[in-house]
Amino acid sequence: MSQTKQVEEKWLTKWEDAHIFEADPDPSKQKIMVTFPFPYMNGPLHVGHAFSASRVDVYARFKRMQGYNVLWPWAWHWTGQPLLGASQRVAKGDQTYIKILHEVDGVPEEQIQKFVDPKIMAQYYTSEGKKIARRIGFSVDWRREFTTVYPTFQKFIEWQYKNLKDLGYVTRGTHPVVWCPKDQSPTGDHDRQTGEGVTPDEYTIIKYKLDENTILPAATFRPETIYGTTNIWINPDATYVEAKVNNENWIISQEAVEKLKEQQKTITINRTLQGKELVGKTFENPLTHDKLPILPGWFVNTKTATGIVYSVPAHAPFDWLALKDLQQKPETLQQFNINPQMVLQIKPISIIEIDGYGEYPAEEIIKQMGIKNQHDPKAEQATKELYKKEYHSGKLKPNCESYANKSIKEIKTQLATNLEKLGISDKMYDLSEQVTCRCTTTCIVKILQDQWFLNYTNPEWKEKAKQVIAQMKIYPETARTNFYTTIDWLKEWACARTTGFGTPLPGGNGWIIETLSDSTMYMAFYTINKHITQNNITPEALTPQVFDYIYHGKGNKTQISKTTNITTQLLDEMRKEFLYWYPFDLRNSAKELVPNHLSFCIFHHAALFPPQHWPKSIGVNGMLMVEGQGMHKSKGNFITLKNAIDKYGADATRCGLMIGAEGMDDPDWKAENINEIKNKFETLTTFATNILTTPQQQENTQLEHWLQNKIQQRIQEVTQNLEELKTRTALQTALFETWNDIKWYIQRKGNTNTTTLTDTIKTWIKLLTPFAPYMCEELWSQTNQTNFISTTPWPKPDETKIDITAEEQENLITDILTDTQNILKATKITPTKIVIYTAAQWKWQIYLNILEKTKTGETKISEFMKEYTNTPELKPHIKNIATLIPKIIKTTTKLSQTRKTNHIKIQQTNEKQTIQNATEFFKERFNAEIQVYNEEETDRYDPKNRAQTAIPYQPAIYIE
RNA sequence: GCAGGGGUCGCCGAGCAUGGCCAAAGGCGUAGGCUUCAGGAGCCUAUCCUGCAGAGGUUCGUGGGUUCAAAUCCCACCCCCUGCACCA
């Protein structure tokens, strides 16, 4: 076993034996409850889960060290269809799938066979998942664990839905879905062979009249164009049927029959006919009562909608092209006994006005784009473009009667409704592209009846949900708008299905609450599930009254106790536990859950809980990429969390993920980088161990002050970033920046170990504990501490250790270092002797004076000169001062505001002393003799007379 | 189409809200040196261009603009990513 693994196992056992992550209410401590959306158990935990969950764990561990009573519960999602589907694939002997289970998920052969039972499959992944969640070091209170098929949990969901129903938020209605006629079930994206992302399009059907009794239902997306109708197109070579459709006589394409049957239409076919039978006849526009001709259109696709198309040549490029085409082919028309003269006389009817176009926009766009005929692929593009323009900026013309002068955008829906009221239109759904089910059947649209919905359209509910968001913290803040737009955009959500695991909808006649709808409030269940399991409370005992009492404080506990056999004491304890933990303080997940799960969570809390129990904050993060690509089992880049931990260890896996990204950016998992972190941790362990186990000396020089000062800054930075869930910045600072500070100190100090260094290392590993808990425990144990670092107080910045003088003195050293290197680079000389000259006493007076004045904006050189000429002690230097002033002004403008302030605060320091203290360091660095003089020393070595160029914080340098 | 997020010096990625501390943090990679039996790892140094004195020049998707001053502000354009519903 690797050493990393040994260390992990050791500390995991110790933590669990000491129960340090089990949290019970403690009124003396402030609480923090953090949560992570429970993972779906149709597969193993992967590094994507680990990314989101690690952020939660880092925050939990950080807050725990800060002294909060932290609860971090976990559960497993079993509800829904995919688990069943997966199990069925095994049952069918799907070898591709079985191979994936074996090779990617790492499921043993004999185990896979048992997966024909979906429960066994889910149970397997759940127990494996738990092992891994423990190994990665998540500081979870496992006493609250459950799966969504626990009967006790289902009682909670029943209570939730009973309440939602009482509030009127659960409604029934119809809903169009993509449907597989063979499977007799909705075909979601995951079940499709082709047509991913295709959704039902709603067409308006205009009921043109062939005669008194017969209707030609023509489908359109643009019902307003009914006013511009000039003719109907029928494909002469296609097969149509005459059928009784809901008591009306319709002529539709043969293909339309099956579709309409699934859309609340009863259809009896009377006869079949060829399209050409209709061509040449006339029909009536039901709105304008115009009598118009039916013309042959071979472009009409009978697979789309009703197979009947009406023509609006003024605004539809295809119609224009087809009409012009026919007008030039009298012989074709004669074949259908149509008078060519009549067709020539058809005038497009212009009904829409748009800027930049005249009478016939269709004609104009055709000419602009140089489209030759209806078979030109650009015609499609022209259509789209014109539709878009007319929709967004088009206005209806006076010939559109009461809709005249109205913009299409604002009138469209109303116009469609009005037509329907007049009985001259209907609705139909169809798919814009071919959708094929996994079973190879072509899908259609079905209108599901008696669907159960969560009515997110309800304006009061929306308003309340917005209030929940308004009082929440969102990390990162930029995600807040996403939530608001989601709330506005959500409409009725079909919340039940007929198959899969889950909780039956109360009074739902066999409908089961679907997976996204049963996982909105369960964080409240965590607070009491501990008591339910510990006291073996049966599902039967968990009546709505029990939950009412616990969550709403409603009802009489003595009464409830009598009917349920739950003691009043236990009822109170559960109520107390809920009140202590709730609301949750943080819920963190990937951004893809914003438009659904996270927003649902907000809606449901808004509905069922009072403001004091509304969520405190939500964190959102990016989607994990693997080597630059989305992670997919089929792509072969799927990384299970188990594999990652086995290979890199828990700490490196956690930190590799955390260093990847924060905010909404997508982190990229690169094996090379994770390995690098693993190596870094090995080095860090040796590095820190060496220091921690070496005897120290008490020293108190400028360098110690500098290091102490620096570490205070780092504590401050890491703390602040963690507060805002900026895990990447926090880890970067804690790991690399702090390490660099320590390395610099050691470089400057040489081989002496000091108490300051040791103390700094201790602080350092505390800062790293939320990220790499195992490594830090191990290092902590080497400091002869008997407690866990995981429960050690988080460091706080110590004001008394902030030392700007030490910082500026060290800045002086680094400035000299870079300047010298710069000179060496430019001159390409190998130094034998480096001489450093610090500025004269009188220069300080001027330097500080100028700094003070430039701060307020005064930079007139003449003013300065005047002032200094009148200062007796400066007068002797006045010649030099003239050249010095512009130089100082120039250097100070380059200084940061903080450093300027610091320089003023510090006033003068003994630069010569500071540099002399670093002589050894410079000597070693440049392998040259180092001399330091003050400009005012007369016996200085200064062959080139450089010393006079020295100014405070910028000593002169001479190199031989 | 609708909505949201982005394009920074080889790569990843800070910075952009509050314009000047920015040739632009940090990590990776690369090069040189040290250490090591060797491999790996580690440590140190360098890493836009130019420069015989601590300097100058050209960069932050493209093109304009505002300003003494723009990676940062404004306008236009190009490109990339994610979600869009019955599904976790």
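Labels below follow one simple rule: chain letters A, B, ... track the order of the sequence lines, proteins then strands, and each chain is numbered from 1.
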Quiz item: Once the angle between the rings of A:Phe221 and A:Tyr203 is folded into 0 to 90°, is it parallel (under 30°), tilted (30 to 60°) or perpendicular (over 60°)?
Solution: parallel
Exercise. Confirm from the modelled atom types if A:Glu592 and B:A88 form a donor-acceptor pair under 3.5 Å, side chain to base only.
Key: no
Practice problem: Provide the Watson-Crick or G-U wobble partner of B:A53, both distances under 3.5 Å; none if there is no partner. | Solution: none
Quiz item: How many Å lie between CZ on A:Arg728 and C1' on B:A14, as a whole number?
Solution: 7 Å
Quiz prompt | N/O (side chain, A:Asn675) to phosphate O (OP1/OP2, B:G40) under 4.0 Å | solution = no
Quiz item: Side chains of A:Tyr125 and A:Asp105: do they bring a donor and an acceptor to under 3.5 Å?
Solution: yes
Self-check item: Nearest to side-chain heavy atoms of A:Asn822, which nucleotide of B:G27, B:G83, B:A55
Solution: B:A55
Quiz prompt | Partner nucleotide of B:C9 by Watson-Crick or wobble geometry (both distances under 3.5 Å) | solution = none
Practice problem: Among the candidates B:A85, B:C28, B:U45, find the nucleotide nearest to the side-chain atoms of A:Glu672. | Solution: B:C28
Self-check item: Counterpart base for B:U59, defined by Watson-Crick or G-U wobble contacts under 3.5 Å
Solution: none
Quiz item: Picking from B:G42, B:A88, B:C12, which would you name as closest to the side chain of A:Asn679?
Solution: B:G42
Self-check item: Nearest-nucleotide pick for A:Asn596, side chain only, options being B:A88, B:G29, B:C43
Solution: B:A88
Quiz item: With distance as the sole test, does A:Lys591 use its side chain to make a donor-acceptor pair with the main-chain N or O of A:Met664 at under 3.5 Å?
Solution: yes
Quiz item: Any idea how A:Trp764 and A:Phe687 line up, ring-wise: parallel (<30°), tilted (30 to 60°), or perpendicular (>60°)?
Solution: perpendicular
Quiz prompt | A:Asp518 side chain to A:Thr79 side chain, donor-acceptor N/O pair below 3.5 angstrom | solution = yes
Quiz item: Would you call the rings of A:Trp78 and A:Phe501 parallel, tilted or perpendicular if under 30° counts as parallel and over 60° as perpendicular?
Solution: tilted
Quiz item: Which one, B:A85, B:G5, B:G54, comes nearest to the side chain of A:Ile957?
Solution: B:G54
Quiz item: Atom CZ of A:Arg946 and atom P of B:G54: how far apart are they, to the nearest Å?
Solution: 9 Å
Self-check item: side-chain hydrogen bond (donor to acceptor under 3.5 Å, both in side chains) partner of A:Glu662, chosen from A:Thr727, A:Asn721, A:Thr729, A:Asn621
Solution: A:Thr729
Quiz item: Hey, is the side chain of A:Gln821 poking within less than 4.0 Å of OP1 or OP2 on B:A46, counting only N and O atoms?
Solution: yes
Practice problem: Scan every strand shown for a Watson-Crick or G-U wobble partner of B:A3, both distances under 3.5 Å, and answer none if you come up empty. | Solution: B:U82
Exercise. Report the nucleotide, chosen from B:A88, B:A85, B:G4, that has the shortest atom-to-atom distance to any side-chain atom of A:Trp489.
Key: B:A85
Quiz item: Of all of residues 654-663 of chain A, which get a heavy atom below 4.0 angstrom from RNA chain B, listed by number?
Solution: none
Quiz prompt | 5' priority, RNA chain B, between A:Gln954 and A:Glu682 [closest heavy atom] | solution = A:Glu682
Quiz item: Are A:Thr827 and B:A53 close enough that a side-chain N or O sits under 4.0 Å from OP1 or OP2?
Solution: no
Exercise. Ignoring hydrogens and angles, answer whether the base of B:G54 and the side-chain atoms of A:Asp819 contain a donor-acceptor pair closer than 3.5 Å.
Key: yes
Quiz prompt | P spacing across the pair B:A24 / B:A55, given as an integer number of angstrom | solution = 12 Å
Quiz prompt | Atom pair distance, as rounded to whole Å: CG in A:Leu824 and P in B:A46 | solution = 11 Å
Quiz item: The side chain of A:Gln732 lies closest to which of these nucleotides: B:C43, B:A25, B:A85?
Solution: B:A25
Quiz item: Taking NZ, NE, NH1 and NH2 as the nitrogens, is one of them in A:Lys670 or A:Glu672 under 4.0 Å from a carboxylate oxygen of the other?
Solution: no
Quiz prompt | B:C11 and B:G29, which share atom name P, separated by this distance in whole Å | solution = 15 Å
Quiz item: Is the phosphate of B:U45, meaning OP1 or OP2, less than 4.0 Å from a side-chain N or O of A:Arg925?
Solution: yes
Quiz item: When you check the phosphate oxygens OP1 and OP2 of B:C43, does a side-chain N or O of A:Lys743 lie under 4.0 Å from one of them?
Solution: yes
Quiz item: What is the distance from CH2 of A:Trp744 to P of B:C43, rounded to the nearest Å?
Solution: 17 Å
Quiz prompt | Test: A:Glu390 and A:Arg222 ion pair at under 4.0 Å | solution = yes
Practice problem: Could you tell me which nucleotide pairs with B:C73 by Watson-Crick or G-U wobble geometry, both distances under 3.5 Å, or answer none if nothing does? | Solution: B:G65
Practice problem: Please state how far atom CG in A:Leu684 lies from atom C1' in B:C43, giving the value in whole angstrom units. | Solution: 15 Å
Practice problem: State, without any angle test, whether A:Glu492 and A:Gln451 hold a side-chain donor-acceptor pair at a distance under 3.5 Å. | Solution: no
Quiz prompt | Euclidean distance for C1', B:C48 against B:A23 (whole angstrom) | solution = 8 Å
Quiz item: For B:A14, does either OP1 or OP2 sit under 4.0 Å from a side-chain N or O belonging to A:Lys726?
Solution: no
Exercise. Please measure how far the C1' atom in B:A41 lies from the corresponding atom in B:U50, and state the result in whole Å.
Key: 37 Å
Quiz item: Does any nucleotide pair with B:A46 by Watson-Crick or G-U wobble geometry, both distances under 3.5 Å, and what is it?
Solution: B:U30
Quiz item: Say you pick atom C1' in B:G26 and the same atom in B:G13; how far apart are they, in whole Å?
Solution: 8 Å
Practice problem: Scan every strand shown for a Watson-Crick or G-U wobble partner of B:A14, both distances under 3.5 Å, and answer none if you come up empty. | Solution: none
